[in-house]
Every structure is written in C-alpha cells, then in structure tokens.
Amino acid sequence: MTILLQLGADVDSRNSAGYTSISIMFSSLALAKQGVSDKIRLLLSWGASFSTGDDSSREYCIRQAAREYGKPELAVLLESELGGRRCEIVGLSERPELNGKTCVADEYLPASDQYRVTLE
C-alpha cells in the first residue's frame with residue numbers, strides 16, 4: 001500500500017461497491033486481522049477522508065474500533081481532529097530547527113492544547 005501511495009494512488013479512490021480504503025479497513029473482516037492499525041495509520045497520514053452519515057463515517061469507525069473490536073488506540077486517534085494526519089511544524093519557538101519539518105500527529109494533549117507528533 002505504501003508504494004502505491006508513493007506512486008500517486010488516490011487515497012480516497014473507491015472500489016466498484018463505492019468503498020474507500022479507509023472504510024474497508026474498518027470492516028469486521030479487516031479489523032479482526034493483525035496489522036490493521038498500521039494500515040489505518042498509513043491511510044490517515046496520507047489524508048484519507050471519511051464519508052458522512054453511513055458506515056464510512058468517522059463516528060461509525062470510532063464505534064467499530066473501540067467498542068466492537070477492542071482497538072481503543074484507534075478510537076483515540078480518530079477522536080482528535082488531526083489524529084494520524086501528516087502535518088508541518090510551524091511556530092515552535094523553543095526548537096526553531098523543527099519548524100518546517102513534516103510530522104504525523106499521534107495524540108492530542110488537551111492539557112497543553114498541543115499534539116504529540118512523530119517526525120518523518
């Protein structure tokens with residue numbers, strides 16, 4: 001999947017049934033498989049979008065991940081606005097050498113209104 005994305009595959013393309021890659025990852029068959037969390041994180045980091053109002057919505061995926069398949073870490077990631085998204089660091093006065101670097105938002109830290117990130 002990584003190679004396809006690097007070669008320009010559309011992260012939000014749909015299959016013949018109308019499902020995107022991110023919605024397929026939250027199907028019962030996919031959630032039961034090992035390694036699905038890494039694939040979901042990869043899709044999110046490439047900007048995968050959720051549909052609204054159906055079984056591809058962000059809310060539905062949170063319920064599927066957290067309640068039905070015991071993947072609370074995915075639910076937490078999806079609950080934050082930037083969770084799993086690729087971002088650029090800006091306005092960091094304490095470590096200006098990091099400004100302009102690309103990162104992935106891992107976790108929202110409400111006490112400081114900041115995100116824990118992983119640099120790429």
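Atom CG of Asn15 and atom OG of Ser21 lie 8.0 Å apart (nearest 0.5 Å). The distance from atom SG of Cys87 to atom NZ of Lys101, rounded to the nearest 0.5 Å, is 16.0 Å. Taking CG from Leu98 and SG from Cys103, the interatomic distance works out to 9.0 Å, rounded to the nearest 0.5 Å. The CG atom of Leu42 sits 4.5 Å away from the OG1 atom of Thr2 when rounded to the nearest 0.5 Å. Here the OG1-CG distance, from Thr20 to Asp12, works out to 6.0 Å after rounding to the nearest 0.5 Å. Distance check, rounded to the nearest 0.5 Å: OG of Ser13 to OH of Tyr19 gives 15.0 Å.
Residue pairs meeting the salt bridge (charged side-chain N to carboxylate O under 4.0 Å, His left out) criterion with at least one partner in residues 87-96, sequence neighbours excluded, are Arg95-Glu97. For residues 77-109, the set of pairs meeting the ring-ring contact (aromatic ring centres under 6.0 Å, His included) definition, not counting sequence neighbours, comprises Tyr108-Tyr115. Residue pairs satisfying the salt bridge (charged side-chain N to carboxylate O under 4.0 Å, His left out) criterion with at least one member in residues 109-120, sequence neighbours excluded, are listed as follows: Arg86-Glu120, Asp106-Arg116, Glu107-Arg116. Note on residues 31-41: no pairs pass salt bridge (charged side-chain N to carboxylate O under 4.0 Å, His left out), not counting sequence neighbours.
Nearest heavy-atom pair across Trp46 and Val11 is O-CG1, 3.6 Å.
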Atom pairs and distances, side-chain donor-acceptor, residues 72-84, under 3.5 Å, sequence neighbours left out:
residue, atom, partner, partner atom, Å
Glu73, OE2, Ser37, OG, 3.3
Ser80, OG, Leu77, O, 3.3
Ser80, OG, Gly83, N, 3.0

Residue pair Val117, Val104: steps toward the side-chain contact (heavy atoms from CB on, under 4.5 Å) verdict: CA-CA 5 Å; Val117 300; Val104 175; over 6 Å; no
Phe26/Val36 under side-chain contact (heavy atoms from CB on, under 4.5 Å): CA gap, chis, key distance, verdict: CA-CA 9 Å; Phe26 281 95; Val36 71; over 6 Å; no
Leu29 vs Ile24, side-chain contact (heavy atoms from CB on, under 4.5 Å): CA-CA, chis, key distance, verdict: CA-CA 9 Å; Leu29 290 174; Ile24 291 169; over 6 Å; no
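When hydrophobic residues (I, L, V, M, F, W, Y) are linked wherever their side-chain heavy atoms come within less than 4.5 Å, the members clustered with Ile3 are Leu7.
Arg63 is not listed as a side-chain neighbour of Tyr69, based on a closest heavy-atom distance of 4.5 Å or more. Between Thr102 and Leu119, every side-chain heavy-atom pair lies at or beyond the 4.5 Å cut-off.
In terms of hydrophobic clustering, with Ile, Leu, Val, Met, Phe, Trp and Tyr side chains grouped at heavy-atom distances under 4.5 Å, Leu44 and Met1 are assigned to a common cluster.
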